[in-house]
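So the structure is just underneath, and the comments pick up after that.
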Amino acid sequence: MEPDPQREGKWRIARRVARDRTISVVDPGARHGRKTSSQRRDGYKAHIAAEPQTGIVTACEITSATTADGPTGVKLLGGEPSDTQVIADSAYGSGEVRAKLKAAGHTTTIKPIPQRRNHRLGPDQFTRDDFTIDHDQNRVTCPAGNTATIGSKGQVRFGVVCTECPLRSRCTTSKTGRYLLIHPHDRLLTEARQRWKQSETVARYNRHRPSVERIISWVVANGNRKLRYRGIKPNRQQLHTRIAAINLRRLINLGLCHTPTGWATNPT
């Protein structure tokens with residue numbers, strides 16, 4: 001329930017869905033999930049880590065549909081050496097995930113999360129990257145040269161200085177002036193967006209992305225996008241079994257055979 005904005009002191013059924021809402025009486029672990037703003041998928045979510053050059057899946061997990069991709073991806077990389085090159089899409093591009101991967105010694109080629117844009121402003125509107133952030137002095141300078149202090153929770157309000165600003169039409173439609181929220185991992189996110197502008201970074205991502213999509217298609221092929229069991233535990237066992245079969249098939253295609261020194265692929 002939530003307060004009814006049209007009737008003071010009254011309540012109405014909430015016009016939203018609780019994050020951890022139970023959606024099935026026969027499968028209490030299933031949850032609502034969204035791949036995009038228009039694509040809803042109920043149930044569970046499968047996560048995999050794979051080696052794009054060989055197509056071998058190195059780790060997998062299944063969670064409820066509401067579980068974020070990034071933290072789960074970090075867990076899947078827990079056994080990898082510290083110098084692993086991590087390639088992923090923007091679902092793994094949060095500041096928290098990037099910080100954990102950096103702390104683990106990994107290098108990353110992760111597509112940045114798109115910056116929010118005001119649909120009421122034009123295509124030449126100012127974004128976060130048009131503002132100069134001085135993290136040491138806790139202040140922000142806007143494109144017009146006005147400066148504001150970063151609050152204790154990362155909030156930045158330019159207030160009345162925006163009233164007569166000649167660049168206002170490109171910056172904000174708010175009557176109270178431009179507002180920014182500086183993320184705790186702002187430096188990492190900014191660096192990631194700057195690296196993404198480099199052609200070699202995008203080329204590396206585009207070179208390996210099709211291989212990852214191909215591996216995902218192997219996992220969900222033949223009706224395996226729909227789960228066969230109720231609950232995370234049995235479906236996790238089914239996912240691990242399927243991944244093992246896919247890896248075995250892939251190893252055979254790579255030339256797996258038994259040599260005098262043990263199993264090998266493409267023996268010389």
Side-chain angles (χ1 to χ4, degrees), residues 1-2 12-52 55-80 86-101 104 106 108 110-116 183 185 189 192 205 208-247:
M1 300 294 290
E2 64 181 6
R12 70 178 185 182
I13 297 176
R15 302 296 196 268
R16 53 189 171 82
V17 176
R19 175 176 175 80
D20 203 38
R21 175 187 175 188
T22 300
I23 65 173
S24 172
V25 296
V26 297
D27 191 355
R31 294 291 185 271
H32 283 308
R34 288 188 178 276
K35 181 174 178 62
T36 66
S37 59
S38 60
Q39 295 184 19
R40 188 184 74 180
R41 294 177 181 176
D42 296 339
Y44 300 91
K45 184 188 295 185
H47 310 259
I48 65 170
E51 208 291 313
I56 298 297
V57 178
T58 58
C60 64
E61 181 58 285
I62 192 166
T63 66
S64 66
T66 55
T67 303
D69 292 341
T72 306
V74 172
K75 293 179 181 179
L76 295 181
L77 296 172
E80 298 296 328
V86 179
I87 301 174
D89 61 23
S90 58
Y92 302 84
S94 70
E96 292 82 359
V97 172
R98 292 182 185 276
K100 290 180 180 179
L101 293 176
H106 301 315
T108 59
I110 301 177
K111 187 175 182 179
I113 298 174
Q115 296 190 76
R116 293 183 178 181
H183 195 277
H185 300 292
L189 295 171
Y205 177 87
H208 294 294
R209 181 66 185 176
S211 300
V212 176
E213 293 293 343
R214 189 179 304 112
I215 297 169
I216 294 174
S217 71
W218 295 341
V219 176
V220 301
N222 302 319
N224 281 278
R225 188 176 293 278
K226 293 185 177 181
L227 300 179
R228 302 179 181 181
Y229 308 104
R230 299 172 184 171
I232 288 181
K233 186 176 180 179
N235 284 309
R236 180 184 291 121
Q237 293 175 341
Q238 192 271 336
L239 175 64
H240 279 258
T241 300
R242 178 160 182 77
I243 293 298
I246 291 173
N247 280 346

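Residue numbers count from 1 along this sequence. Owing to the predicted nature of the structure, the values given are computational and were not obtained by experimental measurement.
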Exercise for the section: Only counting residues at least two apart or in another chain, list the ones meeting side chain to side chain donor-acceptor pair (under 3.5 Å) with Asn247. Expected result: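 Counting only residues at least two positions away or on another chain, Asn247 forms no side chain to side chain donor-acceptor pair (under 3.5 Å).
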task: Apply side chain to side chain donor-acceptor pair (under 3.5 Å) to Ser64 and list each qualifying residue two or more places apart in sequence or on a separate chain.
output: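 So Ser64 forms a side chain to side chain donor-acceptor pair (under 3.5 Å) with Thr66, Thr67.
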Interatomic spacing from [atom1] in [X] to [atom2] in [Y] - rounded to 0.5 Å:
{"X": "Thr63", "Y": "Lys75", "atom1": "OG1", "atom2": "NZ", "result": "9.0 Å"}
{"X": "Tyr92", "Y": "Ile87", "atom1": "OH", "atom2": "CD1", "result": "13.5 Å"}
{"X": "Asp27", "Y": "Asn235", "atom1": "CG", "atom2": "CG", "result": "7.5 Å"}

Closest approach of [X] and [Y], non-hydrogen atoms and distance?
{"X": "Pro112", "Y": "Ala192", "result": "CG-O, 3.8 Å"}
{"X": "Leu77", "Y": "Ala49", "result": "CD2-CB, 4.5 Å"}
{"X": "Val86", "Y": "Ile110", "result": "O-CG1, 4.1 Å"}
{"X": "Ile232", "Y": "Tyr44", "result": "CG1-CE2, 3.3 Å"}
{"X": "Ile215", "Y": "Ala50", "result": "CD1-CB, 3.6 Å"}

Quick note, salt bridge (Lys or Arg N to Asp or Glu O under 4.0 Å) partners involving residues 86-99, not counting sequence neighbours, are Asp89-Arg209
Residues 214-242 vs salt bridge (Lys or Arg N to Asp or Glu O under 4.0 Å), sequence neighbours excluded, gives Glu61-Arg236
Residue set satisfying ring-ring contact (aromatic ring centres under 6.0 Å, His included) with Tyr205, at least two apart, ordered chain then number -> Trp196
Sequence neighbours excluded, the answer for ring-ring contact (aromatic ring centres under 6.0 Å, His included) partners of His106 is none
Excluding sequence neighbours, so at least two apart, what forms side-chain contact (heavy atoms from CB on, under 4.5 Å) with [X]?
{"X": "Pro71", "result": "Ala68, Val97"}
{"X": "Ala99", "result": "His185, Leu188"}
{"X": "Leu239", "result": "Ala46, Cys60, Ile62, Val219, Ile243"}
{"X": "Ile216", "result": "Ile48, Val212, Glu213"}

- Task: With sequence neighbours excluded, tell me which residues meet salt bridge (Lys or Arg N to Asp or Glu O under 4.0 Å) with Lys45.
- Result: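 Listed in chain order: Asp69.
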